[in-house]
There are 2 protein chains.
Amino acid sequence: MAELTPVPDYDDALRSACSKCNLRELCLPSGLSNEELDQLDSLIRVRRFYRKGEHAYRAGDPFDSLYAVRAGFFKTNLLNEDGRDQVTGFHMAGELMGLDGISTDQHPCDAVALEDSELCVIPFSRLEELSREAPSLQRHLHKIMSREIVSDQSVMMLLGSMRAEERLAAFLLNLSQRMTARGYSPSEFYLRMTREEIGSYLGLKLETVSRVFSRFQNEALIAVQQKHIRILDIPKLRTIVGQSC
Amino acid sequence: MAELTPVPDYDDALRSACSKCNLRELCLPSGLSNEELDQLDSLIRVRRFYRKGEHAYRAGDPFDSLYAVRAGFFKTNLLNEDGRDQVTGFHMAGELMGLDGISTDQHPCDAVALEDSELCVIPFSRLEELSREAPSLQRHLHKIMSREIVSDQSVMMLLGSMRAEERLAAFLLNLSQRMTARGYSPSEFYLRMTREEIGSYLGLKLETVSRVFSRFQNEALIAVQQKHIRILDIPKLRTIVGQSC
DNA sequence: CGCGCTGTTGAAACTTGTCAAAGTTTGTGG
DNA sequence: CCACAAACTTTGACAAGTTTCAACAGCGCG
């Protein structure tokens with residue numbers, strides 16, 4: 001199981017506070033005043049470490065906290081009554097998981113670490129309390145939830161109207177853009193997920209994912225070597241995404 | 001353009017208040033105390049009527065209100081930069097539209113009346129104010145937003161892993177269930193949208209939608225006559241949805 | 001060092017899309 | 001109220017894209 005680490009015990013207590021976190025501009029604290037930041041610090045007391053393959057939560061677990069990815073990489077996947085299994089998202093540093101659990105007080109999906117990772121645990125009732133006193137936090141929370149709705153809708157658009165090549169191109173560009181926002185290279189990264197997980201997320205079979213990667217490589221759009229990806233021609237990928245209109 | 005109707009001018013002012021609305025158990029007021037209901041009433045002052053085809057808002061319009069469907073039927077659709085157009089949802093009485101606008105302070109999609117309809121306008125800043133004072137309203141708002149995330153994810157699942165027949169079966173069952181929740185027949189209703197709009201929502205071409213309806217009809221699962229649908233065999237539709245696992 | 005998981009590639013089958021034509025309904029203007 | 005046009009629906013034949021099944025290669029973990 002994941003270890004529990006109360007913040008004060010941590011090596012460098014400063015770096016663990018939201019106010020000092022280098023992800024604060026991407027994450028929940030974005031746009032808060034110093035005072036609000038201090039209150040947020042007092043709320044987020046626990047971080048947990050997960051080894052690759054460990055679950056942060058499972059479908060059916062009671063919901064009481066949101067989880068902010070502090071380091072590492074997660075997938076969430078939904079397991080339907082009828083046994084269908086689909087990856088609903090990939091989550092990197094600074095992103096929030098668990099918003100889908102609020103509606104039923106249960107997590108509807110599993111969250112699995114795809115590499116060794118670290119999460120900040122955000123007790124939701126206390127976050128609600130705090131956001132009743134801090135309008136800008138309240139608004140920010142609403143914006144984060146709304147952003148999740150918007151991004152799910154753009155996945156719906158992708159799944160509903162794009163062909164395999166367009167989906168993969170959009171997927172790579174999305175990853176690239178999120179890496180850039182975190183200060184990493186926009187054109188070179190390791191995929192932490194398998195072809196099957198990519199396929200599941202994009203509504204494709206793993207063989208199709210593999211074939212499209214090979215095709216992109218032949219056309220010198222990317223260089224793939226297993227999980228290592230270099231994007232060679234971002235503009236061309238963009239034209240592929242916007243193609244079929 | 002849509003007419004503006006301040007509530008006091010309305011024929012029967014009582015029926016227009018949330019506290020007296022027959023949709024209150026489905027809509028925003030669900031689960032509130034009487035006192036909170038009164039406050040909500042004071043906030044929702046304007047309703048608007050829309051003729052079939054009219055827009056409640058368009059992509060790019062500034063966001064400042066949520067809209068609750070009081071009567072009628074709406075679709076929302078997203079128009080991508082690259083000209084792709086996709087229906088992202090159908091909305092019936094008691095359902096909230098516009099949550100996706102919070103994140104950017106602009107509506108990302110169009111909302112169009114598919115029949116003559118009526119919306120309650122809910123000024124979002126005032127709703128936030130009120131929810132700072134009424135924890136149960138706050139929680140309820142969060143649940144509604146979360147429910148939207150969950151339902152978008154189940155559409156992702158549908159688009160990502162179901163074949164045409166399963167999608168249509170799931171779609172019909174979903175409509176049936178929502179009709180039932182509103183006190184209508186679970187098995188007989190009018191579709192307010194075209195085959196093309198259904199297809200757009202489900203990631204299919206209109207011809208495919210039409211063919212699957214015909215197939216269902218031949219198999220005596222439904223009886224279709226243009227927009228009039230009777231569902232004849234709900235259990236069998238259910239088995240179709242849960243088939244491919 | 002080998003076994004298992006992951007990834008690649010090929011050929012055939014299947015599903016859905018495309019194009020086309022004709023039928024039906026709806027709405028508008030005379 | 002009727003006639004006509006426009007929009008929507010149905011159906012068929014064919015094409016294209018994706019999946020399925022299968023075989024094999026490579027990498028990584030125990």
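Scope of the values below: all heavy atoms of this structure, side chains included, with no hydrogens, waters or symmetry mates. Order of the sequence lines fixes the chain letters, A, B, ..., with proteins taken first and strands second; residue numbering starts at 1 for each chain.
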Using a 6.0 Å cut-off, check whether atom CD of A/E196 has over 12 heavy atoms from anything other than its own residue.
no
Locate the shortest heavy-atom distance separating A/S146 from B/G101; write the atom from each residue and the value.
OG-N, 4.0 Å
Could you go over nucleotides 27-30 of chain D and give all protein N or O partners under 3.5 Å, atom names and distances?
none

State whether B/K227 places a side-chain N or O below 4.0 Å from either non-bridging phosphate oxygen (OP1 or OP2) of C/dT26.
no
If you look at every strand shown and take non-hydrogen atoms under 4.0 Å, does A/L206 touch a base, only sugar-phosphate, or nothing?
base
Exactly one candidate in B/M97, B/R70, B/R47 meets side chain to side chain contact (heavy atoms under 4.5 Å, CB included) with B/L119; the answer is B/M97
Categorize A/G203 for me: base, sugar-phosphate, or nothing, with a 4.0 angstrom heavy-atom threshold over every strand shown.
sugar-phosphate
For the pair made of CZ in A/R195 and C1' in D/dT20, what is the distance, rounded to whole Å?
20 Å
Rounded to the nearest Å, what distance is computed from the CZ atom of residue A/R167 to the C1' atom of nucleotide D/dT19?
13 Å
note: A/I229, atom CD1; C/dG7, atom P; distance rounded to Å ~ 11 Å
For A/D85 and A/N77, test the side chains for any donor-to-acceptor distance below 3.5 angstrom and give the result as yes or no.
yes
Could you give the CG-to-P distance, from B/L168 to C/dT15, as a whole number of Å?
15 Å
Could you state the CZ-P distance from A/R192 to C/dT6, rounded to the nearest angstrom?
15 Å
Might you list the N or O atoms of the protein lying below 3.5 Å from N or O atoms in nucleotides 18-20 of chain C, with each pair's distance?
residue: C/dT18; atom: O4; partner: B/R211; partner atom: NH2; Å: 2.8
residue: C/dC19; atom: N4; partner: B/E207; partner atom: OE2; Å: 3.2

End axis versus end axis in the helix from C/dC1-D/dG30 to C/dG30-D/dC1, the angle rounded to 10°, five pairs used at each terminus
50°
Is there a side-chain contact between A/M145 and A/I102 (heavy atoms, below 4.5 Å)?
yes
Rounded to the nearest angstrom, tell me the gap between atom CZ in A/R215 and atom P in C/dT8.
13 Å
Can you find a side chain N or O atom of A/S210 that sits less than 4.0 Å from OP1 or OP2 on C/dT9?
no
Residues pairing under ring pair (Phe, Tyr, Trp, His ring centres under 6.0 Å) where one sits in residues 200-226 of chain A, two or more places apart or in two chains, turn out to be A/F90-A/Y201
Taking salt bridge (charged side-chain N to carboxylate O under 4.0 Å, His left out) as the cut-off, I'd like each qualifying pair that reaches into residues 178-187 of chain B, sequence neighbours left out, listed once.
B/E95-B/R178, B/E95-B/R182
Whole-Å distance separating the CD atom of A/E197 from the C1' atom of C/dT6
11 Å
So, do B/C109 and B/T76 sit near enough that their side-chain heavy atoms are less than 4.5 Å apart?
yes
Side chain to side chain contact (heavy atoms under 4.5 Å, CB included) between B/Q106 and B/D61, intermediate numbers included:
CA-CA 6 Å; B/Q106 290 198 340; B/D61 284 356; over 6 Å; no
Using whole Å, what does the distance between atom C1' of nucleotide D/dT9 and atom NE2 of B/H228 come to?
17 Å
Tell me every residue that passes ring-ring contact (aromatic ring centres under 6.0 Å, His included) with A/H107, counting only those two or more places apart in sequence or in another chain.
A/Y57, A/F63
Could you tell me which non-hydrogen atom of B/L66 sits nearest to which non-hydrogen atom of B/G98, and how far apart they are?
CD2-C, 3.7 Å
Side chains of A/K227 and A/R192, heavy atoms from C-beta outward: is any pair under 4.5 Å?
no
